[in-house]
Amino acid sequence: MRHLMSPLDLTVKELDQILDLANDIEANPQKYAHACEGKKLATLFYEPSTRTRLSFEAAMLNLGGSVLGFSSADSSSAAKGESVSDTIRVISCYADIAAIRHPKEGAPLVASLKSGIPVINAGDGGHQHPTQTLTDLLTIRSMKGRLDNITIGLCGDLKFGRTVHSLINALVRYPNVRFVLISPEELRIPDYVREDVLRKNHQEFKEVIRLEDALPELDLLYMTRVQKERFFNEEDYVRMKDFYILDKQKMELAPKDMYVLHPLPRVNEISVEVDDDPRAAYFKQVQYGVYVRMALILTLLEVKVC
Ligand code: CP
């Protein structure tokens, strides 16, 4: 039985196989419509979500399976003090696979140790978000035709942004990927990513503050929101929240084939006027999230479709 806690739980070959499967699902959805008949997915969400929870549920329904779960800690027995370890032992009696989102880093890993079913980390605190990374990789590969030989700008809250941490972990394994890390001083990438992932892998990267300076050299721009829920005080959040706003004027500085990605939700960091730019890929990215989660469920449940 396999779990998914981080993109590093998958080899590059396995990652590529999941992306290939997602492409086949996109092209031939009917072929997969009954693949998980009789199987159940549990979504255990201790923290708010729109995309991750609902795309997991849509993915399982598209595969002919069923879904159950809760969307907040308050509506589960966590509110009475139940541990994630006990909860997953119980859920293992009800479902075949579980996706867990939790505000505490490592909580899905703790659950996986006591689980009788595959557990997927659907986002743990400021740590990792591997299924967003699968979504991002599928989007990049579909838009640019490759995952190697790219210069990617990661902009915004690089300190708390778990999607950024997971994406860097995944992309360092592809050749000739250059990172431009764009953030205010207070929201720079944590040391455990800069030293243990980027420097350890001899990865080419630079850290800059001004988005305008970085834009002309990028193949991809990955915007992120300032993570209000991870700040210790409101004052710091208010000071930081509008540090970056991508608008039409800034887009003029970017190459004509530079796609803009964002894991969403967006707050103010991308002006709505950018949505009509053909380079805005963030809503397409949402659709890729369903295909890739379908591919992941099939992979972890070891369901083969001929
Ligand atoms: N991208 C993402 O994780 O969105 P949600 O928080 O809505 O799930």
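Ligands are counted one by one from 1 in listed order, and the atoms in each one are counted from 1 as well.
- Ring geometry for Y46 against H102 counts as tilted: the plane angle lies between 30° and 60°, on a 0 to 90° scale.
- Residue R101 places a heavy atom less than 4.0 Å from ligand 1.
- Counting heavy atoms under 4.0 Å from ligand 1, residue H129 touches it through the side chain alone.
- Residues that satisfy the salt bridge (Lys or Arg N to Asp or Glu O under 4.0 Å) test with D196, not counting sequence neighbours, are absent from this structure.
- Here the closest heavy-atom approach between residue S92 and residue I88 is recorded as OG-O, 2.7 Å.
- For the side chain to side chain donor-acceptor pair (under 3.5 Å) condition, the pairs that include at least one residue of residues 248-264, sequence neighbours left out, are H262-E269.
- Close contacts between ligand 1 and T50 involve ligand atoms 5 (P), 7 (O), 8 (O) [criterion: under 4.0 Å to a heavy atom].
- Looking at L264 next to ligand 1, an N or O pair under 3.5 Å apart turns up.
- Below 4.0 Å from some heavy atom of T52 lie the following atoms of ligand 1, by number and element: 2 (C), 3 (O), 4 (O), 5 (P), 8 (O).
- The single protein non-hydrogen atom nearest to atom 4 (O) of ligand 1 is R51 NE, 3.1 Å, given as residue, atom name and distance.
- Checked by atom type, the side-chain pair N176/D148 shows no donor-acceptor distance below 3.5 Å.
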